[in-house]
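Heavy-atom basis, side chains included; hydrogens, waters and symmetry copies ignored.
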Amino acid sequence: MNLQARVVIVGGGVMGTSIACHLARAGVRDVVLVERDELAAGSTSKAAGGVRAQFSDELNIQLGARSLEAFARFGQETGQDIGLHRVGYLFLLSTPEQVASFEAGIRLQNSLGVPSRMLTPKEARRLSPLITTDGLLAAAYSPDDGHCTPEAVVHGYAATARAHGARILRHTEVTGIERHGATITGVNTTLGRIHTDTVICAAGAWSRAVGTMAGVDLPVEPLRRQIAVTEPVPGLPPALPMTIDFTTSLYFHAEGPGLLLGMSDPDERPGFATDTHDRWIPRLCETMQQRAPALLDLRRTGTWAGLYENTPDHNALIGEASSVSRFLYATGFSGHGFLQGPAVGEIVRDLYLGRVPFLDVRPLSAGRFAADAPRPEANLV
């Protein structure tokens, strides 16, 4: 194979397919997306599917809100049903510091048009009756948030990108990026060379290696997170929100007739392992006993593990390298990449075309760490 491409996108998850779709719909010819496995085979297919705009960082609020609008139009624009359930996100808060932080976040969110609000513990339990309110001081809720099916989003973007002329190469691994000085001249793959002067890295947890091929430092570190699904739950409320105990990170939402649930594991160490284990179960059960004891009676019917793509400040890397001509990146989302995929695809399209994006994402440049200008996000799960 010896292809010519205007732009090569590395990674076939939600970020890569969103970027490919936005570029192709904008009329960019010869867009090639390279994925070493199947589409959505990496972190996207392992995501919990939550979509929200409840963040502490103004940029993340706007990226989330813009993406929520796109998810609402997704079926109409692509013909793909993504199973969108706008049942809200409910954050359960147990300390005065959490309450003060979320109150400040809600003021910022409201100023940007997000209809979030604070609730009493009693109001929170009415929305999510599986919880107990012991120790709760308050909750934060936005009805516009919810969850949908990550794989469906990827396939909708991919089909639309193909329909507009983009080429998608599955089971094709990038083995190197060629440069002449500071200019990219090609991408080497297991199927051959692609002549191009532009590379967009959307490789998620594997982005650091892709950046290294181009001489660009992308400080992304993989971390395993596990998810479980349960048997059907009788009497499950049809509008059960994504419920998150912020102190412990225990979360759950409806998944068919049962529940999807997860929690971070403080004993997990960075790495690319995606096998499942039971070492997290005792801590999970202890947390459920404290916050949602009804969950203890449910039989687990499946588990899986995926990778977070963490950065030092747990915020995204979006931008274009200054040291290499036409190396763009969208990665390091630290657990909220799926929900920001639509908006980020739009922004990367505009960066490639030299347009002014709807949002100034320069503070999310990978260079912020060298400049000692981290941009931390507080509302992490």
Side-chain angles (χ1 to χ4, degrees), residues 11-26 39-40 42-55 57 59-91 109 112-116 141-161 163-164 202 204 227 238-244 251 253-256 260 306 316 318 330 333-350 357-359 361 377 379 381:
V14 67
M15 209 57 65
T17 54
S18 173
I19 293 167
C21 181
H22 280 89
L23 287 174
R25 285 199 303 199
L39 294 177
S43 297
T44 299
S45 65
K46 311 300 192 302
V51 292
R52 62 176 167 124
Q54 283 191 83
F55 287 97
D57 185 313
L59 296 181
N60 287 331
I61 295 167
Q62 293 181 84
L63 289 170
R66 185 82 159 204
S67 293
L68 283 169
E69 295 172 0
F71 284 129
R73 303 189 306 267
F74 203 90
Q76 178 182 352
E77 292 184 351
T78 69
Q80 177 75 50
D81 179 8
I82 61 172
L84 179 62
H85 300 279
R86 299 189 81 167
V87 291
Y89 256 62
L90 179 68
F91 286 94
Q109 292 156 22
L112 297 169
V114 175
S116 51
Y141 173 71
S142 178
D144 280 3
D145 299 339
H147 55 89
C148 59
T149 306
E151 298 95 324
V153 172
V154 168
H155 290 298
Y157 274 139
T160 305
H164 286 80
I227 286 175
L240 179 75
M242 168 75 96
T243 303
I244 300 165
Y251 66 85
H253 69 65
E255 185 76 3
L260 179 152
I318 308 171
F333 290 90
S334 304
H336 46 269
F338 168 66
L339 68 91
Q340 294 184 350
V344 175
E346 184 181 343
I347 286 172
V348 174
R349 173 203 65 198
D350 290 342
F358 79 90
L359 186 63
V361 293
E377 168 56 52
N379 292 4
V381 181

> What are the two closest non-hydrogen atoms of Ile19 and Gly345, and how far apart are they?
CG1-CA, 3.9 Å

> Residues in salt bridge (charged side-chain N to carboxylate O under 4.0 Å, His left out) with Glu151, at least two apart?
none

> Output the distance between atom OH (Tyr89) and atom CZ (Arg52), rounded to the nearest 0.5 Å.
5.5 Å

> Salt bridge (Lys or Arg N to Asp or Glu O under 4.0 Å): which pairs involve residues 66-75, sequence neighbours left out?
Arg66-Glu346, Arg73-Glu77

> Residues two or more places apart in sequence or in another chain: which of them pass side chain to side chain contact (heavy atoms under 4.5 Å, CB included) with Ala161?
Ala20, Cys21, Ala166

> Only counting residues at least two apart or in another chain, list the ones meeting side chain to side chain contact (heavy atoms under 4.5 Å, CB included) with Ala254.
Leu236

> Scan for salt bridge (Lys or Arg N to Asp or Glu O under 4.0 Å) pairs involving residues 141-150, sequence neighbours excluded, and state none if there are none.
none

> Mind listing the closest non-hydrogen atom pair of Gly341 and Ser18 along with its distance?
O-OG, 2.8 Å

> Using ring-ring contact (aromatic ring centres under 6.0 Å, His included) as the criterion, list what pairs up with Phe338, not counting sequence neighbours.
Phe71

> Please list, chain by chain and in numerical order, all residues satisfying side chain to side chain contact (heavy atoms under 4.5 Å, CB included) with Gln62, sequence neighbours excluded.
Glu58, Leu112, Leu359

> For Tyr251, what residues pass the ring-ring contact (aromatic ring centres under 6.0 Å, His included) criterion, not counting sequence neighbours?
none

> Distance from Asn379 atom CG to Asn60 atom CG, nearest 0.5 Å?
9.0 Å

> Sequence neighbours excluded, which residues qualify as side-chain hydrogen bond (donor to acceptor under 3.5 Å, both in side chains) partners of Thr243?
Ser128

> Within this structure, what is the CD-CG distance for the pair Glu377 and Asp57, rounded to the nearest 0.5 Å?
5.5 Å

> Checking Thr17 now: which residues fulfil side chain to side chain contact (heavy atoms under 4.5 Å, CB included) with it, not counting sequence neighbours?
Leu33, Leu39, Val154, Tyr157, Ala158

> Does His85 have any ring-ring contact (aromatic ring centres under 6.0 Å, His included) partners at least two apart in sequence or in another chain, and if so, which?
His147

